[in-house]
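Single-structure report; data block below.
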Amino acid sequence: MEYQFDLLVVGSGIAGLTFALKAAASGTVAIVTKKDKLETSTNYAQGGIASVLGPDDSFQLHIEDTLNAGDGLCHQDVVDMVVHNGPDRVRELANLGVPFDHGSSQMAPFDLGREGGHTRNRIVHAHDMTGQAVEQVLVAAAEANPNIHIFENHLVLDLIIQHRSLKAGTVTLQHEDVCRGAYVLDSQHEEVHTFLAQAVLLCTGGAGKVYLYTSNPDVAAGDGLAIAYRAGARLANLEFVQFHPTCLYHPQAKNFLISEAVRGEGGRLIDRRGRAFMEHYHPLKDLAFRDVVARAIDTEMKKSGDDCVFLDISHRDAEFIQQRFPNIYQKCLSLGIDITRDPIPVVPAAHYLCGGILTDLQGRTSIENLYAIGECACTGLHGANRLASNSLLEAMVFAHEASLHCSSNMESWRRRSLREIPPCFPTPPKQSSGSGLQSEMVLITHNWDIIRRLMWNYVGIVRTDKRLALAQNHIAQISLEIREHMPNIPLNSDLVELQNLALVAELIIRCAIQRKESRGLHYNLDHPQKDDPNWQRDTVVVKHQTEEFFCASSK
Ligand code: SIN
């Protein structure tokens with residue numbers, strides 16, 4: 001089937017929904033999302049949204065904290081824009097009905113939490129379920145908007161890219177790539193559809209599933225990064241994977257985060273013997289930047305041989321704990337841990353990708369009419385390490401800027417007919433038929449497991465040149481196996497995700513190998529120092545002319 005919309009949004013988290021709601025005033029919007037519309041990383045965000053809303057705070061302080069966390073790689077113009085726009089975007093959400101916790105007076109309308117690296121309380125939150133509250137309000141608003149159509153269980157395979165040559169007489173001056181839509185797999189009905197659009201917005205979130213342990217939901221397989229790379233877009237800074245210091249360590253707890261806000265309210269990290277250790281690592285102790293805290297925990301676990309460390313907030317009033325952290329309290333209690341009395345077993349886990357698809361201040365990528373917003377983008381805000389709770393903020397601000405840009409271009413875009421597009425790359429994926437799927441599913445699950453374990457062990461919190469080189473070899477083997485053996489398996493979402501995951505793992509390793517220094521989240525024992533000014537720059541990757549991907553072409 002072929003669909004035509006003015007705008008195609010891929011992903012239904014805060015970035016995609018905010019954009020869609022704003023852009024729907026100027027055209028029709030399709031949101032495609034690969035599972036249930038609520039199954040997004042946004043939905044699991046606990047902490048909140050950082051913004052300058054307190055009487056003792058200032059834009060300058062939030063800017064400085066963001067720059068300090070970013071360790072020399074933030075883009076100052078982006079940081080300025082995001083921080084200054086924050087309060088307006090937060091108030092928009094509150095007006096839409098997001099139930100943020102109230103402050104004590106009109107001067108302080110929101111209750112503001114504190115997280116690592118912030119010098120002021122500035123985290124707007126809805127208890128410890130901020131993302132869920134935001135997601136529900138935005139989804140309800142999108143569903144009520146007649147210009148927005150949500151397609152669940154639709155996974156984008158590849159972008160439709162038109163190659164345009166600008167000629168003067170017989171001389172070709174320039175080649176331009178323009179995004180015209182996407183091929184999308186309806187995974188319930190196992191059909192591939194063509195979505196044509198004036199512009200495509202990638203809002204696909206992160207790639208935590210590249211790692212064995214992650215706080216991310218299963219959907220975070222790096223799809224947007226992979227399809228943008230295959231289409232020829234520029235990606236950057238993928239070596240900067242943020243490991244959240246405190247995920248719940250329990251055999252029955254999958255991907256459950258213990259919010260940094262717990263440390264913001266006085267929680268302390270201790271070892272098995274009850275000794276606090278953060279004072280040995282940083283003057284800010286438990287509220288140091290995330291890379292520092294995650295590395296400290298990693299070091300403590302390696303020194304002691306223990307499987308986890310502990311986070312203790314039991315010295316705070318029990319009623320306060322239950323009210324401030326109802327979700328964490330209930331989840332832990334269901335596993336036999338009463339956090340008002342017991343320390344919580346925690347380990348670091350992959351949480352957020354600071355790099356992504358390179359964009360400008362309007363969210364535009366290096367391909368015309370292709371935008372990227374949210375975790376899949378590399379805007380320049382986070383640099384080498386994201387400041388806590390700056391991610392929902394970034395998504396809202398860039399969704400706003402991109403919607404203004406798209407709306408102001410919509411009329412001129414509409415003047416060209418989408419149907420008159422010259423030959424595009426890639427041609428529609430052909431669905432191979434056959435009965436191979438059942439017997440060959442093991443190829444998919446086995447390789448998926450290998451990639452995640454490999455990335456955890458060789459490309460994790462602490463890296464070395466040797467481990468990175470070994471990881472690169474292993475991934476090259478797996479990618480070869482995928483290219484050579486898997487095209488015979490009928491197209492299905494697990495296969496597409498595996499291909500994407502392998503590609504994103506390869507790109508993370510490629511960026512990590514390039515950066516011969518330690519900075520922010522990238523720590524390499526063979527290059528333990530920061531190397532300014534040589535490495536005070538982004539690590540950019542772009543597809544080689546000769547690279548091939550089986551999903552991207554009909555064979
Ligand atoms: C948290 O609640 O600790 C997560 C906040 C974030 O990642 O920004």
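Numbers for residues simply follow the sequence, beginning at 1. Just follow the structure's listing: the first ligand is 1, and inside any ligand the first atom is 1.
- In summary, the aromatic rings of Y371 and F398 are positioned with their centroids too far apart to meet the 6.0 Å limit.
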Put together the list of close N/O pairs, under 3.5 Å, between ligand 1 and the protein, could you?
| unit_1 | atom_1 | unit_2 | atom_2 | d |
| --- | --- | --- | --- | --- |
| ligand 1 | 2 (O) | G47 | N | 2.9 |
| ligand 1 | 2 (O) | S259 | OG | 2.7 |
| ligand 1 | 3 (O) | H244 | NE2 | 2.8 |
| ligand 1 | 3 (O) | E260 | N | 2.6 |
| ligand 1 | 7 (O) | R290 | NH1 | 2.9 |
| ligand 1 | 7 (O) | R290 | NH2 | 3.2 |
| ligand 1 | 7 (O) | H351 | NE2 | 2.7 |
| ligand 1 | 7 (O) | R386 | NH2 | 2.8 |
| ligand 1 | 8 (O) | R386 | NH1 | 2.8 |
| ligand 1 | 8 (O) | R386 | NH2 | 3.4 |
| ligand 1 | 8 (O) | S389 | N | 2.6 |

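- By the 4.0 Å N-to-carboxylate-O rule, E239 lies close enough to R515 to be salt-bridged with it.
- Salt bridge status for R290 with E260: present, with a side-chain N to carboxylate O gap under 4.0 Å.
- Under a 4.0 Å N-O distance rule, the pair D218/K35 does not qualify as a salt bridge.
- Using a 30° and 60° split on the angle between ring planes, H62 and H118 fall in the tilted class, from 30° to 60°.
- No hydrogens or angles considered: a donor-acceptor pair under 3.5 Å links the side chains of R463 and H522.
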